[in-house]
Amino acid sequence: FSVPANVASKVVQQLIEHGEVKRAYLGCHSENVTAEIAACVGLSEAKGVIITSVTSASPASDARLTAGDVLVKLDEAAITDSTSMQQLME
């Protein structure tokens, strides 16, 4: 297998700084918004993620996210899919 250089660089930097790799944790499961989901929830574009479940006592539950919520921005940055959401959180 291979690891992209930008991912490896972040991992190495965290190991140097913290002695471990820290990952962002929101405490929910989500799916990418598809054209079908977008149509069902009234979005004009198939972008973002839809929350499918929330773990109790997690940052997501503290933020009052619930199943069915659609996330399209994080601090004014666009969330296009689950990968972009993870990258924005790290």
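The chain is numbered in sequence order, starting from 1. Side chains included, hydrogens not; waters and symmetry mates left out as well; all remaining heavy atoms used.
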Residue pairs involving [range] (criterion salt bridge (Lys or Arg N to Asp or Glu O under 4.0 Å); sequence neighbours excluded):
| range | result |
| --- | --- |
| residues 24-39 | none |
| residues 42-58 | Glu45-Lys47 |
| residues 10-25 | Arg23-Glu90 |

Worksheet item: Which one of Leu43, Ile79, Val41 satisfies the side-chain contact (heavy atoms from CB on, under 4.5 Å) criterion with Val33?
Response: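 Going through the options one by one, the only one that passes is Leu43.
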
Discussion item. Is the shortest side-chain heavy-atom distance between Leu71 and Ile51 below 4.5 Å?
Written reply: yes

Worksheet entry | Gly27 to Ala60 - nearest heavy-atom pair and separation | O-CB, 3.7 Å

Rounded to the nearest 0.5 Å, what's the gap from [atom1] on [X] to [atom2] on [Y]? Could you check?
| X | Y | atom1 | atom2 | value |
| --- | --- | --- | --- | --- |
| Asp81 | Gln86 | CG | CD | 11.5 Å |
| Cys40 | Ile50 | SG | CD1 | 8.5 Å |
| Asn32 | Thr83 | CG | OG1 | 7.0 Å |

Item to complete: Among Ile, Leu, Val, Met, Phe, Trp and Tyr joined by side-chain contacts under 4.5 Å, find the other residues sharing a cluster with Val12 and list them by chain and number.
Response: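 Besides Val12, the cluster holds Ile16.
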
Worksheet item: If two hydrophobic side chains count as joined below 4.5 Å and joins carry through other members, does Val54 share a cluster with Tyr25?
Response: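 They do not share one cluster, since no chain of ILVMFWY contacts under 4.5 Å joins Val54 to Tyr25.
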
Fill in: Same cluster (ILVMFWY, side-chain, under 4.5 Å), Leu74 and Val49
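In one cluster: yes.
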
Discussion item. Between His29 and Thr52, do the side chains contain a donor N or O and an acceptor N or O under 3.5 Å apart?
Written reply: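 No, His29 and Thr52 have no side-chain donor paired with an acceptor closer than 3.5 Å.
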
Worksheet item: What residues, two or more places apart in sequence or in another chain, satisfy side chain to side chain donor-acceptor pair (under 3.5 Å) together with Thr80?
Response: Ser84

Item to complete: With sequence neighbours excluded, give me every side-chain hydrogen bond (donor to acceptor under 3.5 Å, both in side chains) pair touching residues 55-77.
Response: Thr66-Asp69

